[in-house]
Amino acid sequence: MQEKIRTYPFDEEGIKTIEESSHGINWPVVYLIHDDKCIYIGETTSAAYRMKQHLNNNEKKKLKVVEIVFDNEYNKSVILDYEQRLIKYFSVDGHFRVLNKNKGQQASHDYYDRKGYRSKFPALWNELRKKKLVDKTIEVIENDNIFKFSPYNSLTGEQNLVAVKILKTIVDSFHVPNFEHSLSLVKGCAGTGKTVLAISIINSLVNAINIDDNVVDDFNEYEELDLDKLTALKKVKEFIQLERNGKPLSIGFVFPMEGIRGTVRKVFKACGNGLTADMVIGPNDVVKKHYDVLFVDEAHRLKRRKNLTGFGAYDKTCEKLGLDKYETNQLEWILKSAKHVVLFYDENQSVKSSDITYKEFKSTYKRCANPIWPYVLQTQMRCEGGDSYIKYIRQIMDGTVGKFKAIDNYDFLMFDDVNHMVETIRRKDLEMGLCKTVAGFAWDWTTKQKGTVPNNMDCYNRLVANGEYDIEIDGHKYIWNLANNDWINRQDSTYTIGCIHSSQGYDMNYCGVIFGNEIDYDPVKGKIIVKLENFKDKKVKAGTDEEDVKELIINTYTTILARGIKGCYVYACNPNLQEYLRKYIAHANDITIN
């Protein structure tokens with residue numbers, strides 16, 4: 001199979017030439033219409049007819065050139081897949097402003113020889129680079145935050161079904177008077193695509209006003225959107241036009257963690273097409289205006305008034321809402337600040353004593369929201385090891401694992417030497433990017449810096465030159481992450497060791513995990529134990545029941561073990577834990593590491 005790209009002027013004469021070509025009528029193709037600044041990407045089985053439609057469109061008729069991508073082996077499934085991928089990759093590349101708004105969001109699906117067709121996509125991308133239509137390599141694009149959090153991500157069938165249901169629910173909540181504060185609750189473990197789903201729904205709501213009312217059989221601009229989703233979006237558009245006089249919905253996307261919040265804010269600013277940086281907010285910001293819809297990612301990280309870094313802002317928000325600061329929590333703030341709230345939650349990712357407990361979380365939303373629509377995401381989207389890997393690491397951590405299990409398509413390896421693991425991760429980071437080492441909080445953060453640390457190597461080099469460090473294992477010395485915010489994308493992240501607070505919510509290609517001295521295995525009791533005297537996070541321990549702290553520590557390791565897309569490398573400081581983990585994780589010395 002070899003894709004061909006043919007270039008035509010985007011005018012009547014060009015369309016006539018397309019019509020006379022072998023691929024102009026009744027043949028599946030992908031097309032790119034552009035000028036020097038803007039591009040529109042689509043797919044069709046009749047290029048000539050589709051170009052006539054686009055030439056009559058006020059926005060697109062200003063474009064100058066159309067590129068037709070075709071192959072003798074293309075079918076409808078292939079061009080849908082390629083269209084989605086091209087929209088996403090072009091939006092990250094940045095050479096053009098992508099004009100597509102709702103396109104590329106239909107549910108993705110498998111099809112015959114999809115792996116074979118997708119393996120040819122890099123060759124097509126290289127051809128586009130040769131034609132100077134794109135600038136960046138695929139490798140650079142796939143490591144970009146905009147790629148990972150793109151509003152153009154295609155959804156799985158499971159995600160799409162939940163998206164459609166939530167869109168319908170939001171519309172219903174606008175029309176029923178007694179739905180004062182309603183709730184959609186989406187539960188899913190790490191890697192099930194909760195953030196991607198949230199961004200996709202937000203993008204759909206923002207651009208619902210652009211839905212074409214004139215559905216034209218097979219050639220409508222939104223021809224491949226799921227019919228139910230299209231119907232729901234048209235209802236949103238109707239609501240905006242008739243009941244709000246065209247005024248857009250007020251939408252907020254709440255992130256409890258500052259680091260990932262800043263990253264997604266940059267993504268929204270870069271994406272445009274209705275997404276704006278000020279949509280991405282912290283919990284304290286919800287009282288600044290009234291919201292029609294609030295989305296909350298990592299809702300398990302919402303706070304209560306316990307072991308906070310500062311109580312001032314928390315108390316001030318409670319006062320504005322007229323709530324008792326000792327009885328309320330950030331979840332109640334959010335539920336009282338919007339007509340409809342969409343929460344994304346995983347109780348197993350709560351890692352601090354200031355986080356709302358599952359019991360408090362449940363009692364709060366039952367008290368403050370009505371009605372409540374529950375949804376579940378089950379399919380693993382991050383780890384190439386799939387659902388079986390996530391289940392396996394949970395069994396290892398809770399002591400219910402039966403026997404060793406080889407994980408297909410995933411590098412899950414145990415190291416005897418910590419520096420061998422750290423250096424292997426660093427080498428992989430130089431090769432492919434987004435490969436980092438993370439550890440449990442078993443060492444004091446003595447190198448912590450005051451103020452903002454510039455994103456360069458200066459601070460790290462200075463600390464090393466002065467002989468300063470935080471972590472020492474078998475004579476090897478390391479420094480904690482020099483900043484929590486967007487640590488994974490910092491220049492010094494390759495050389496520093498991250499913690500749960502700098503890594504939660506991010507994807508890595510490979511993640512190295514250091515089990516510190518605070519976690520061990522008791523061979524007599526046959527279970528993983530926690531040594532609180534070696535746990536250095538004082539705020540987590542303060543005034544918190546020992547069993548609750550132990551559960552938070554187990555959650556921490558389970559969470560960071562699920563950060564890696566392609567693989568996870570493990571080292572344990574305590575010998576008993578090393579011996580336990582060796583039974584269930586392949587040994588690095590037995591494997592050739594590429």
Side-chain angles (χ1 to χ4, degrees), residues 101-102 105-106 151 155 159-187 194-195 197-215 222 225-254 268 273-276 278-281 283 285-297 299 321 330-345 364-375:
K101 294 180 173 65
N102 285 305
Q105 291 187 354
Q106 64 266 33
L155 303 180
Q159 290 174 317
N160 197 58
L161 180 62
V162 173
V164 171
K165 289 180 177 179
I166 290 175
L167 285 168
K168 289 180 177 179
T169 297
I170 290 171
V171 175
D172 289 343
S173 71
F174 293 153
H175 287 95
V176 181
N178 60 341
F179 287 10
E180 186 177 358
H181 300 293
S182 54
L183 169 66
S184 292
L185 176 60
V186 185
K187 293 186 178 181
K194 297 185 293 295
T195 309
L197 176 58
I199 292 173
S200 178
I201 298 172
I202 292 170
N203 189 60
S204 291
L205 286 172
V206 167
N207 287 293
I209 196 69
N210 299 306
I211 291 290
D212 191 347
D213 291 322
N214 300 312
V215 178
Y222 303 95
L225 277 174
D226 180 271
L227 182 58
D228 285 343
K229 181 183 283 187
L230 181 60
T231 302
L233 290 173
K234 284 190 172 183
K235 288 184 177 178
V236 174
K237 177 179 180 179
E238 182 180 296
F239 174 79
I240 293 171
Q241 288 178 325
L242 300 181
E243 300 186 41
R244 295 174 62 92
N245 295 319
K247 182 181 178 182
L249 297 175
S250 177
I251 299 171
F253 193 10
V254 180
F268 272 42
N273 275 342
L275 298 180
T276 59
D278 60 4
M279 289 180 173
V280 184
I281 60 177
D285 298 320
V286 297
V287 297
K288 294 180 179 179
K289 59 187 287 189
H290 174 77
Y291 288 91
D292 295 303
V293 190
L294 279 172
F295 292 78
V296 187
D297 201 21
L321 290 169
Q330 290 181 340
L331 176 58
E332 185 171 7
W333 303 355
I334 290 165
L335 291 170
K336 288 185 176 297
S337 299
K339 180 74 172 174
H340 190 81
V341 173
V342 185
L343 296 176
F344 295 85
Y345 183 78
T364 300
Y365 74 68
K366 284 191 171 183
R367 183 179 75 252
C368 300
N370 180 50
I372 300 163
W373 289 273
Y375 306 102

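Below, all heavy atoms of this structure are taken into account, side chains as well, without hydrogens, waters or symmetry copies.
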* Determine, stepwise, if the pair V286 / K336 fulfils side chain to side chain contact (heavy atoms under 4.5 Å, CB included). => CA-CA 9 Å; V286 297; K336 288 185 176 297; over 6 Å; no

* **Plane angle bin for F295 and F253 - parallel if under 30°, tilted between 30 and 60°, otherwise perpendicular** => perpendicular

* Smallest separation among heavy atoms of A232 and K168, with atom names -> CB-CG, 4.0 Å

* Are F268 and I199 close enough, and set up right, to give a side chain to side chain contact (heavy atoms under 4.5 Å, CB included), and what steps lead you there? -> CA-CA 9 Å; F268 272 42; I199 292 173; 4.0 Å; yes

* Can any side-chain N or O of N207 pair as donor or acceptor with the backbone N or O of N273 at less than 3.5 Å? -> yes

* Partner of V254 under side chain to side chain contact (heavy atoms under 4.5 Å, CB included), chosen from I281, L343, V280 -> I281

* Give, for atom OG1 of T169 and atom NE2 of H340, the distance between the pair rounded to the nearest 0.5 Å. => 5.5 Å

* Asked: Which atom pair, heavy atoms only, marks the closest approach of A198 to F344?
  -> CB-CE1, 3.5 Å

* To do: For residues Y365 and L185, determine if any side-chain heavy atom of one lies less than 4.5 Å from a side-chain heavy atom of the other.
  => yes

* Asked: Would you call V206 and L275 a side-chain contact if the rule is heavy atoms closer than 4.5 Å?
  -> yes

* Can you name the residues that form a side chain to side chain contact (heavy atoms under 4.5 Å, CB included) with K289, not counting sequence neighbours? -> S250, Y291

* Asked: Any side-chain heavy-atom pair from W373 and K165 closer than 4.5 angstrom?
  -> no

* To do: Any chance you could measure K235, atom NZ, to E238, atom CD, to the nearest 0.5 Å?
  => 8.5 Å

* **Close side-chain approach of V293 and F174, heavy atoms under 4.5 Å** => yes

* To do: Would you sort out whether I201 and V342 count as a side chain to side chain contact (heavy atoms under 4.5 Å, CB included), showing the intermediate values?
  => CA-CA 10 Å; I201 298 172; V342 185; 5.5 Å; no

* To do: Quick one: do I251 and D292 satisfy side chain to side chain contact (heavy atoms under 4.5 Å, CB included)? Show the steps, please.
  => CA-CA 6 Å; I251 299 171; D292 295 303; 5.8 Å; no

* For the atom pair CG (L205) and CG (L249), what is the distance rounded to the nearest 0.5 Å? -> 6.0 Å

* Asked: Do the charged groups of E332 and R367 touch, with an N to O distance under 4.0 Å?
  -> yes

* Which atoms form the tightest heavy-atom contact between W333 and P283, and what is the distance? -> CE3-O, 3.6 Å

* Asked: Between OH of Y375 and CG of L197, what distance do you get to the nearest 0.5 Å?
  -> 11.0 Å

* To do: Output the distance between atom OG (S337) and atom NE2 (H181), rounded to the nearest 0.5 Å.
  => 8.0 Å

* Structure fact -> One should read off an interatomic distance between K229 NZ and I166 CD1, to the nearest 0.5 angstrom, of 10.5 Å

